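This chain uses plain numbering: 1 for the first residue, then up along the sequence. None of the values given here were measured: they were computed from a predicted structure.
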Amino acid sequence: MTTPALAQNVKGKGRHYQHPNTGELVPSVTNIIGVLNKPALPRWAAKVVAEQAVAMRDSLPKLDEAEAIDLLKSSPWRSSSRAADRGTTIHAYLEARMQGLDPKEISGEAARYRKAADAFLEEWTPQPLHLEMTVFGPDYAGTGDLWAVLNNGATAILDYKTSKAVYAEAALQLAALAGATVTADGTQAPEVDEAWVIRIGEDGYEAKRVADLHYNYEAFRACLQAWHWMNGEGVYA
């Protein structure tokens with residue numbers, strides 16, 4: 001995903017937004033959720049480095065030591081960048097279709113996800129209210145993919161993922177966005193009945209509803225407190 005238009009990076013503290021009413025810089029939802037431990041991430045990175053080393057076992061000896069180290073240690077982030085590009089492409093495709101526009105032709109790896117994206121739109125027929133909207137809580141902010149009226153009559157916030165699975169932290173992200181109070185122009189944020197993660201994959205789409213928005217919002221607030229602690233706020237006198 002690209003950086004949202006209203007976001008800015010604060011050195012050493014990650015992505016922030018400026019609150020429209022107070023002018024305060026507040027951390028982004030994804031920045032805050034980043035405090036969660038992700039034990040699978042270092043294992044994935046080690047696996048990618050090992051695979052790269054095996055694939056280049058004949059050419060690595062031709063590189064000097066510094067070049068070989070730089071090439072191998074950066075391989076997980078090249079993989080991550082490709083996944084982000086794929087996600088950005090599918091998000092743009094879905095957004096264009098929701099606006100009734102002709103989407104750009106999808107090529108490369110992302111083209112394998114188009115069928116699932118089309119199936120989701122055709123089966124769910126969401127009626128869009130807001131697309132890629134930034135909303136603010138009192139001390140955080142984030143940008144959501146879609147607020148829409150679903151075919152069951154519910155007003156919902158939906159977040160698209162192109163990951164291999166739906167992960168638990170997505171529920172915290174949606175609960176935080178659902179719990180926001182104002183939009184970027186200072187008006188009241190929309191209230192929602194439901195929140196859904198829509199995973200668009202090569203093998204079809206998967207939809208998961210956040211079971212309890214209040215419970216997940218409280219968990220998000222705990223992450224926010226941990227974020228402030230990790231950034232040295234109130235640790236020492």
Side-chain angles (χ1 to χ4, degrees), residues 1-38 41 77 80-81 84 87-88 91-92 94-95 98-99 128-148 155-161 163 167-198 210-237:
M1 290 292 293
T2 56
T3 301
L6 298 175
Q8 55 184 290
N9 284 319
V10 174
K11 186 176 181 180
K13 293 189 175 183
R15 181 180 295 175
H16 282 63
Y17 293 81
Q18 187 170 24
H19 197 287
N21 294 340
T22 67
E24 180 186 5
L25 281 176
V26 295
S28 75
V29 171
T30 51
N31 184 357
I32 293 161
I33 295 173
V35 304
L36 293 173
N37 183 36
K38 297 178 177 64
L41 187 59
W77 319 127
S80 180
S81 177
T88 298
H91 276 71
L94 286 163
E95 185 176 350
M98 292 299 300
Q99 293 175 306
L129 299 173
H130 306 282
L131 297 167
E132 286 290 321
M133 183 171 67
T134 297
V135 291
F136 292 78
D139 43 13
Y140 69 89
T143 301
D145 291 332
L146 173 66
W147 281 257
T155 299
I157 179 173
L158 298 91
D159 187 70
Y160 308 129
K161 303 293 185 187
S163 50
Y167 301 108
E169 57 262 31
L172 302 184
Q173 177 186 0
L174 281 167
L177 295 174
T181 53
V182 298
T183 66
D185 61 9
T187 59
Q188 184 176 348
E191 295 184 4
V192 300
D193 306 308
E194 299 175 358
W196 291 83
V197 180
I198 309 297
V210 179
D212 187 331
L213 283 170
H214 176 73
Y215 173 73
N216 281 280
Y217 183 77
E218 291 301 311
F220 167 76
R221 298 295 306 182
C223 290
L224 177 57
Q225 185 173 1
W227 183 90
H228 284 295
W229 178 84
M230 289 180 68
N231 281 278
E233 299 177 22
V235 177
Y236 298 110

Sequence-distant partners of [X], side chain to side chain contact (heavy atoms under 4.5 Å, CB included), two or more places apart:
| X | result |
| --- | --- |
| A175 | L213, N216, Y217 |
| E191 | Q188 |
| A170 | K161, V197 |
| E169 | I33, L36, K38, Y167 |

side-chain hydrogen bond (donor to acceptor under 3.5 Å, both in side chains) against [X], all qualifying residues, sequence neighbours excluded:
| X | result |
| --- | --- |
| W147 | none |
| H130 | none |
| Y140 | none |
| T183 | D185, T187 |

Among residues two or more places apart or on two chains, list those pairs meeting salt bridge (charged side-chain N to carboxylate O under 4.0 Å, His left out) that have a residue in residues 211-221. D139-R221

How about L146 and Y160: do any of their side-chain heavy atoms sit closer than 4.5 Å?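 Yes; the side chains approach each other to less than 4.5 Å.
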
Using a 4.5 Å cut-off on heavy atoms from C-beta on, say whether the side chain of C223 contacts that of L172. yes

Compile the donor-acceptor pairs under 3.5 Å between side chains in residues 21-28 and protein atoms, sequence neighbours left out, one pair per line.
{"residue": "T22", "atom": "OG1", "partner": "E24", "partner atom": "N", "Å": "3.2"}
{"residue": "S28", "atom": "OG", "partner": "T30", "partner atom": "OG1", "Å": "3.4"}
{"residue": "S28", "atom": "OG", "partner": "N31", "partner atom": "N", "Å": "3.1"}

